[in-house]
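Take a look at the structure set out below.
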Amino acid sequence: MAGRLMMESGPITGPVVTDATAGETALRSPDLSGDPAKPNPAADELGGTFWRRFAFRRPLAALILQRLGLSVGLLFAVSLMIFGGIEALPGDFATTYLGQSATPQAVENIRKDLGLDRPWSERYLSWLGGAVQGDFGTSWASRNSVSEQIGNRLGNSLFLAFFAALISVPLAVGLGMLAVQFRNRLPDKIINVISLAAISLPEFFIGYLLIMFFAVKWGVATFPATVYDSMGFTERLSAIALPVATLVLVVLAHMMRMTRAAILNVMSSAYVETAELKGLGTFRIIARHAAPNAVAPVINVIALNLAYLVVGVVVVEVVFVYPGMGQYMVDAVTVRDMPVVQACGLIFAAFYIFLNMAADILAILANPRLRHPR
């Protein structure tokens, strides 16, 4: 009887392997012989390309590498647009440099000397290759190295932007938290009115107002904002007081309003309500529970405004006659010094692109769901 049952049900040695489960079993069953596992072609097909496997295993690193690749590609596209846009501008440097009375032969000699007789694609590749190595060529107007001149001017612009950011970022975050704590009350309304007024006014108008009151009427500030190498640190700070104040007023309102909106969005969460039920104070709830969870959008808006502090200094530097990159670029445009204009445009674009990339990466790192994917 037992023999007949064994013949009908088959030998009791484990589950029956069918054609439908054979492939799955081969993929997930280990090699019990003790030998190292051999590569499985079927598993490679399921895994896809190397990038897909890498993105599956390390999603955070894959996202960061994607942002880096997009930033480099965007910078290359911007360099092409800068060169092509300047190439399409009407007029000619040789004619501007020599004047309207210049002979055609003299104009042709200048163009040949500057390499303007070569095709634009050849000149673009030569310029891009030098820019990658930090060599932006020679200024047409002054015959000096563009890289050396930019090195001096860029330091001044970064000095100005650094102190503007040092004041505006903590102040914006603090005012945003204060507005949330007193929302819909008098302090919140005063902050909102002042921020709306600051957003509505262009930076050159704010700069002229500061000059009129603090430099002309009251005489407590320095104008023009001239700095030089031998100037002391305290003298530099005194010279850049008005440009820094202008930049702070321009970017402060936007950062503050974004901070307020992001924290208010988090304040409706369940864990904030739990903290309130526990009897915690409003400022402690905002500082310890709401603000850390609202950091991603705040980081993005701060990075955008930091990029503006570097790129948007052009107008402020012209208003205050400050010897930075913006003033250098405007002077080059006036005399049609194209190597300088191209170099300044590319550097400004690089700052803007890579500060935005840094904001994306910091937002990714601040997101726990991306740091610890399931």
Side-chain angles (χ1 to χ4, degrees), residues 51 65-158 307 310-315 317-318 323-358:
W51 174 253
L65 288 176
Q66 280 182 348
R67 296 300 189 277
L68 287 170
L70 288 173
S71 299
V72 173
L74 182 59
L75 184 59
F76 172 76
V78 168
S79 70
L80 186 60
M81 291 177 61
I82 290 173
F83 192 90
I86 293 177
E87 187 71 18
L89 289 175
D92 184 63
F93 171 79
T95 305
T96 305
Y97 182 73
L98 296 175
Q100 297 295 329
S101 60
T103 62
Q105 185 60 42
V107 172
E108 186 63 26
N109 290 337
I110 290 290
R111 288 179 56 84
K112 187 174 182 180
D113 183 46
L114 298 176
L116 297 176
D117 56 335
R118 296 184 297 165
W120 74 269
S121 57
E122 181 181 343
R123 287 187 284 116
Y124 169 71
L125 293 176
S126 175
W127 171 72
L128 184 63
V132 171
Q133 301 174 14
D135 181 13
F136 293 101
T138 304
S139 170
W140 292 351
S142 64
R143 299 293 181 173
N144 295 324
S145 171
V146 176
S147 301
E148 293 180 1
Q149 295 180 8
I150 284 179
N152 298 329
R153 299 294 189 112
L154 183 60
N156 292 337
S157 293
L158 292 179
V310 178
V311 178
V313 294
V314 176
V315 176
E317 288 181 0
V318 171
M325 284 279 291
Q327 183 68 52
Y328 185 43
M329 184 177 181
V330 172
D331 293 341
V333 170
T334 304
V335 297
R336 301 186 64 83
D337 194 351
M338 294 303 105
V340 176
V341 177
Q342 291 168 353
C344 292
L346 187 63
I347 291 173
F348 282 145
F351 270 104
Y352 199 87
I353 289 170
F354 284 104
L355 279 173
N356 278 276
M357 178 198 68

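The closest side-chain donor-acceptor pair between Glu148 and Asn152, if any, does not fall under 3.5 angstrom.
With rounding to the nearest 0.5 Å, the separation of CE in Met325 from OG in Ser157 is 6.5 Å. Atoms CE and CD, from Met329 and Gln342 in turn, are 10.0 Å apart once rounded to the nearest 0.5 Å. With rounding to the nearest 0.5 Å, the separation of CD1 in Ile82 from CE in Met338 is 12.5 Å. In this structure, the separation between CG on Asn356 and CD1 on Ile353 is 8.5 Å, given to the nearest 0.5 Å.
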List the steps and the verdict of side chain to side chain contact (heavy atoms under 4.5 Å, CB included) for Arg153 and Gln327. CA-CA 9 Å; Arg153 299 294 189 112; Gln327 183 68 52; 4.2 Å; yes

Checking Phe351 against Leu158 for the side chain to side chain contact (heavy atoms under 4.5 Å, CB included) test, could you report, in this order, the C-alpha distance in whole Å, the side-chain angles of both residues, the deciding distance, and whether it holds? CA-CA 11 Å; Phe351 270 104; Leu158 292 179; 3.9 Å; yes

Side chain to side chain contact (heavy atoms under 4.5 Å, CB included), that's the test. Do Leu75 and Leu346 meet it? Break it down for me. CA-CA 8 Å; Leu75 184 59; Leu346 187 63; 4.0 Å; yes

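Side chain of Ser71 to backbone of Arg67: a donor-acceptor contact under 3.5 angstrom is found. The closest donor-acceptor contact from the side chain of Asn156 to the backbone of Pro323 lies under 3.5 Å.
Side-chain atoms of Phe136 and Ile347, non-hydrogen and from C-beta on, do get closer than 4.5 Å to each other. In this structure, the side chains of Trp140 and Pro339 come closer than 4.5 Å at one or more pairs of heavy atoms. Residues Arg123 and Phe83 are in side-chain contact: their nearest non-hydrogen atoms beyond the backbone lie under 4.5 Å apart.
Summarising the geometry of Gly134 relative to Ser147, their closest heavy-atom pair is O-OG, 2.8 Å, with the distance given to 0.1 Å. Among all heavy-atom pairs drawn from Val340 and Ala332, the shortest one is CG1-CB, 3.4 Å.
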